[in-house]
Amino acid sequence: QVQLVESGGGLVQAGGSLRLSCVASGRTFSTTAMGWFRQAPGKEREFVATIKWTTGSTYYADSVKGRFAISRDNAKNTVYLQMNSLNPEDTAVYSCAARTLRTTSPIGVLITERGYDYWGQGTQVTVSS
């Protein structure tokens with residue numbers, strides 16, 4: 001089992017920045033990749049960014065590329081999402097997710113919810129215009 005706890009959400013004006021954190025605990029040695037997803041009111045949850053735990057390679061949704069950056073601190077079992085140039089369309093509940101015990105992690109899988117085994121409860125990000 002892996003437990004995930006997000007923090008760092010809040011209210012920010014358009015053009016501002018926030019940094020989200022997600023701390024993993026439990027059987028973290030089995031982590032293969034971690035990702036961030038978001039769900040806006042009335043919309044389905046969508047992929048934001050992912051990072052492979054051992055190589056550090058990253059992948060982003062087109063909507064956030066160039067504005068958001070995902071990173072990890074292996075020693076702290078923490079993944080971060082630095083969000084810059086925020087706009088109202090970024091308003092959503094942001095959740096982190098962990099993929100465990102896999103020998104391969106194709107990007108085509110990591111951009112989908114089914115690519116992950118554990119989920120945090122989410123943190124609200126609200127961007128005002």
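Shortest non-hydrogen contact noted between Ser17 and Asn84 is OG-OD1, 2.9 Å. Residues Ser129 and Pro88 approach most closely at CB-CG, 3.9 Å, considering heavy atoms. Nearest heavy-atom pair across Leu86 and Leu18 is CD1-N, 3.9 Å. Among all heavy-atom pairs drawn from Gln39 and Lys43, the shortest one is NE2-O, 3.0 Å. The two residues Arg27 and Ser30 have their closest heavy-atom pair at O-OG, 2.6 Å.
Cluster membership for Leu110 and Tyr60, using ILVMFWY side-chain heavy atoms within less than 4.5 angstrom, is not shared. Val79 and Ile111 are assigned to two separate hydrophobic clusters, defined by single-linkage of ILVMFWY side chains at heavy-atom distances under 4.5 Å.
In this structure, Leu20 and Met83 have side chains that are in contact, with non-hydrogen atoms separated by less than 4.5 Å. Val93 places none of its side-chain heavy atoms less than 4.5 Å from the side chain of Phe37. Side-chain contact between Glu6 and Ser95 is present, with heavy atoms from C-beta onward closer than 4.5 Å. Residues Arg67 and Asn87 have side chains in contact (heavy-atom distance under 4.5 Å, counting atoms from C-beta outward). Side-chain contact between Gln82 and Ser71: absent, with no pair of heavy atoms (C-beta onward) separated by less than 4.5 Å. The side-chain heavy atoms of Tyr59 and Phe47, taken from C-beta on, include a pair separated by under 4.5 Å. Side-chain atoms of Leu81 and Phe68, non-hydrogen and from C-beta on, do get closer than 4.5 Å to each other. Between Leu101 and Thr32 the shortest side-chain heavy-atom distance does not fall below 4.5 Å.
If you take CD on Gln124 and OG1 on Thr126, they are separated by 4.0 Å, rounding to the nearest 0.5 Å. The line from OG1 of Thr54 to NZ of Lys52 is 8.0 Å long, rounded to the nearest 0.5 Å. Summarising the geometry, atom OG belonging to Ser7 is positioned 9.0 Å from atom OH belonging to Tyr80; distances are rounded to the nearest 0.5 Å. To the nearest 0.5 Å, atom CD of residue Glu46 and atom OG1 of residue Thr112 are 14.0 Å apart. The distance from atom SG of Cys96 to atom CH2 of Trp119, rounded to the nearest 0.5 Å, is 9.0 Å. Thr58 OG1 to Ile70 CD1: the interatomic distance, rounded to the nearest 0.5 Å, is 7.5 Å.
Other residues, nucleotides and ligands contribute more than 12 heavy atoms inside 6.0 Å of the NZ atom of Lys65.
The cationic atom of Arg99 (NZ for Lys, CZ for Arg) does not lie both less than 6.0 Å from the six-membered ring centre of Trp53 and within 45° of the ring axis.
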For this session: Please report the C-alpha distance between Tyr94 and Arg38 in whole Å, then the side-chain angles of each, then the deciding distance to 0.1 Å, and finally whether the side chain to side chain donor-acceptor pair (under 3.5 Å) criterion is met.
Result: CA-CA 4 Å; Tyr94 285 71; Arg38 67 185 182 185; 2.9 Å; yes

For this session: Output, in order, the C-alpha distance, side-chain angles, deciding distance and verdict of side chain to side chain contact (heavy atoms under 4.5 Å, CB included) for Arg102 and Thr104.
Result: CA-CA 5 Å; Arg102 304 297 205 288; Thr104 62; 5.7 Å; no

Problem set entry | Trace of the side chain to side chain contact (heavy atoms under 4.5 Å, CB included) decision for Gln3 with Tyr118 | CA-CA 7 Å; Gln3 294 79 42; Tyr118 300 97; over 6 Å; no

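Between the side chain of Thr31 and the main chain of Ala33, no donor-acceptor pair closer than 3.5 Å is present.
Residues Thr78 and Asp73 have side chains that never bring a donor and an acceptor to within less than 3.5 angstrom of each other. Remark: the Tyr116 side chain and the Thr50 side chain contain an N/O donor-acceptor pair separated by less than 3.5 Å.
With respect to Met34, the side chain to side chain contact (heavy atoms under 4.5 Å, CB included) criterion is satisfied by exactly one of Asn77, Leu4, Val2: Leu4.
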